[in-house]
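Have a look at the structure below before the remarks.
Atoms considered below: every heavy atom in the structure, side chains included; atoms not considered: hydrogens, waters and symmetry mates. Predicted model only: the values in this text are computed from it and were never measured.
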Amino acid sequence: MLYIGIDLGTSAVKLLLMDGEGKIQKIVSKEYPIFFPNPGWSEQKPEDWFAKTMEGMKELIDGVDKEKVAGISFGGQMHGLVILDEKDEVIRPALLWNDGRTFEECDYLNNVIGKEKLSEYTANISFTGFTAPKILWVKNKEPENFARISKIMLPKDYVAYKLTGVHCTDFSDASGMLLLDVKNRKWSKEMCDICGIREEMLPRLFESYECVGTVKKEIAQELGLAEHVKVAAGAGDNAAAAVGTGTVGDGMCNISLGTSGTIFISSKKFGVDKYNALHAFAHADGYYHLMGCMLSAASCNKWWMEDVIGTKEYGKEQEKIAGLGENHVYFLPYLMGERSPHNNPNARGTFIGMTMDTTRTDMTQAVLEGVAFALRDSLEVARSLGIHLERTKICGGGAKSALWKKMIANIMNLKVDVIESEEGPALGGAMLAAVACGEYGNVEEAAAKIVKIINTVEPDPELVEKYEARYQQFKEIYPACKPLFEIIK
């Protein structure tokens, strides 16, 4: 049988066709616009998502035996606010995960309601990107739109609704709304009250691998599919990517070096750190995960290479780097502020430690190391909860660099496993569809069969020791600079 994975990204939807063995048959991508109506605002039209998804599916299954398509599922950009009226029509463009307009609402939630209460209700605190502050923003700034709300949805769930007619979401994506009681896997009545909404406005909750329904008759006819094609709930992009990299079950880790950077740790037990430095979310495998998210990772390197020193010869620049663990220059990678573990939108990118003999190569090295050090900050929070890791998988554009992988292995003192396929959320979505259709008994079984490790970067004890000393210095820099970040805006 064949399974479709739909990765609803910020710039494009990527669709992937996978067979029951996990082999990828075809990949299609369709772009759609993003709108910035005011500085710091970021919006998209949900109608564009669905139109491009349908266009992409037609291309994806063109020329294949459509009778073999058994299931569809998703990975999707998290946190975005989609609001529908009583006729299920979109009320206004969706506010996206990277929309920063809700600072007043976040301040209200974190400091008036209080972080302790939020953590008690949802296992998390408020960030500008999360969904609950967006709901409050609509309530405060667009009361006429707020009054029309009949249903509140997340981006991928709007596409699922259009395909099935079912208002649904999954626990992993719902975890990023600040409306879910993550530990008990149910909507938080307290958070609904705080946001001024009723629970019936929220979609029905499913596990990521559960079937929410089948494709509607008219959709099946348009695509040429059978009406019994199952649609599974899917997952938030990071949880779906974790499925696609086999980061499921207990004590598994994945590091993503994309535009942003994440460290994702799967766990069968629920856990929250006392400062809410990491996100504590439900996972797509039916359990839980901790996630540290830094806002600028590979994008720091792109900024340094292309915008500052003016080259796209990434490999050539990295060839000159020698003396790992001996660099006296440090870089704080907070070009967009920072989320984990500092939760400080005012944090800024900072070079420190330069002298008259500092070279361009030293600074390139500092950028790469700074991202790895910042990811280790989140790893240290996980370790404080008693989580012991020996290895991690790695994915994302930055993972193409052998040098960066070597830095990660030695700065974090972890074995770094490189996987065969890096299709992330789209592959994870297809795997969830396969589980929903009974091709695999559960998500862990699917991951064990489909995800293959092709190389491992081992830490070098001598380098680990050198980098340990450097990390101890690095972690003193942010606290020293923090008062300045409040002034320099």
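No side-chain donor from either of Ser150 and Asp85 sits under 3.5 Å from a side-chain acceptor of the other. Side-chain contact of Gln318 with Thr364: a donor-acceptor pair under 3.5 Å is absent, judged by distance alone. With hydrogens and angles left out, the side-chain atoms of Asn343 and Tyr275 include no donor and acceptor closer than 3.5 Å. Of the N and O atoms on the side chains of Tyr467 and Glu369, at least one donor lies less than 3.5 Å from an acceptor on the other residue. Judged purely by distance below 3.5 Å, without hydrogens or angles, the side chains of Tyr478 and Asn344 pair a donor atom with an acceptor atom. Of the N and O atoms on the side chains of Asn110 and Ser126, not one donor lies less than 3.5 Å from an acceptor on the other residue. With no hydrogens or angles considered, a side-chain donor-acceptor pair links Asp170 and Ser172 at under 3.5 Å. Side-chain atoms of His167 and Asp88 include a donor-acceptor pair closer than 3.5 Å. Side-chain N/O atoms of Ser42 and Asn98 include a donor and acceptor closer than 3.5 Å.
Nearest heavy-atom pair across Ile152 and Ile149 is CG1-CG2, 3.7 Å.
A distance-only check finds no donor-acceptor pair linking the side chain of Ser260 to the backbone of Leu295 [under 3.5 Å]. Side-chain atoms of His79 do not come within 3.5 Å of backbone N or O of Thr131 as any donor-acceptor pair. Looking only at distances, a side-chain donor or acceptor of Thr245 sits under 3.5 Å from a matching main-chain atom of Ala242. Within the 3.5 Å criterion, the main-chain N or O of Leu368 finds a donor-acceptor partner in the side chain of Trp404. At least one donor-acceptor pair closer than 3.5 Å links the side chain of Ser266 to the backbone N or O of Met252. Although no hydrogens or angles enter the test, the distance criterion places a donor-acceptor pair under 3.5 Å between the side chain of Asn124 and the main chain of Ala280. Judged by distance alone, with hydrogens and angles left aside, the side-chain atoms of Lys134 form a donor-acceptor pair with the main-chain N or O of Leu96 at under 3.5 Å. For the pair His289 (side chain) and Ala282 (backbone), a donor-acceptor distance under 3.5 Å is present.
Between Met54 and Ile219, some side-chain heavy-atom pair lies under the 4.5 Å cut-off. Arg101 places a side-chain heavy atom less than 4.5 Å from the side chain of Trp137. Residues Tyr32 and Leu8 form a side-chain contact, since some pair of their non-hydrogen atoms from C-beta on lies under 4.5 Å apart. You'll find the side chain of Asn346 stays beyond 4.5 Å of the side chain of Tyr334, heavy atoms only. Glu43 has its side chain out of reach of Ile34: every pair of non-hydrogen atoms, C-beta onward, lies at least 4.5 Å apart. Taking the side chain as every heavy atom from C-beta outward, Phe74 and Asp7 never approach each other to under 4.5 Å.
Rounding to the nearest 0.5 angstrom, the gap separating the CG atom in Leu257 from the CD1 atom in Ile394 is 4.5 Å. Taking OG1 of Thr311 as the start and CD of Glu306 as the end, the distance is 8.5 Å to the nearest 0.5 Å. We find the CZ-OG distance between Phe264 and Ser378 to be 13.5 Å, quoted to the nearest 0.5 Å. Rounding to the nearest 0.5 angstrom, the gap separating the CD atom in Glu380 from the CD1 atom in Ile387 is 12.0 Å. The OG1 atom of Thr102 lies 11.0 Å from the CG atom of Asp107; values are rounded to the nearest 0.5 Å. Rounding to the nearest 0.5 angstrom, the gap separating the CG atom in Leu385 from the NZ atom in Lys274 is 10.0 Å.
Partners of Trp304 according to the ring-ring contact (aromatic ring centres under 6.0 Å, His included) rule, which considers only residues two or more places apart in sequence or in another chain, are Phe351.
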When you look at Glu142 and Arg148, which way does the salt bridge (Lys or Arg N to Asp or Glu O under 4.0 Å) test go after all the steps? CA-CA 10 Å; Glu142 297 180 351; Arg148 294 172 58 203; over 6 Å; no
Could you please spell out the steps behind the side-chain contact (heavy atoms from CB on, under 4.5 Å) verdict for Ile263 and Cys253? CA-CA 7 Å; Ile263 178 165; Cys253 182; 3.8 Å; yes
Intermediate values then yes/no, salt bridge (Lys or Arg N to Asp or Glu O under 4.0 Å), Lys45 and Glu47: CA-CA 5 Å; Lys45 294 178 179 177; Glu47 299 91 341; over 6 Å; no
Full working for salt bridge (Lys or Arg N to Asp or Glu O under 4.0 Å) between Glu423 and Lys14: CA-CA 9 Å; Glu423 297 306 332; Lys14 184 163 88 172; 2.7 Å; yes
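Outside the 6.0 Å centre-distance limit, the rings of Phe171 and His283 are not counted as a close aromatic pair.
Within a 6.0 Å radius of CZ in Phe270, more than 12 heavy atoms belonging to other residues, nucleotides or ligands are found. More than 12 heavy atoms of other residues, nucleotides or ligands shown are found within 6.0 angstrom of CD on Glu486. By the neighbour-count criterion of 12 heavy atoms within 6.0 Å, atom NZ of Lys406 is sparsely surrounded, having that number or fewer from other residues, nucleotides or ligands. Shown here is Lys189, whose NZ atom has no more than 12 heavy atoms of other residues, nucleotides or ligands within 6.0 Å. Counting non-hydrogen atoms of other residues, nucleotides and ligands closer than 6.0 Å to CD of Glu86 gives a total of 12 or fewer.
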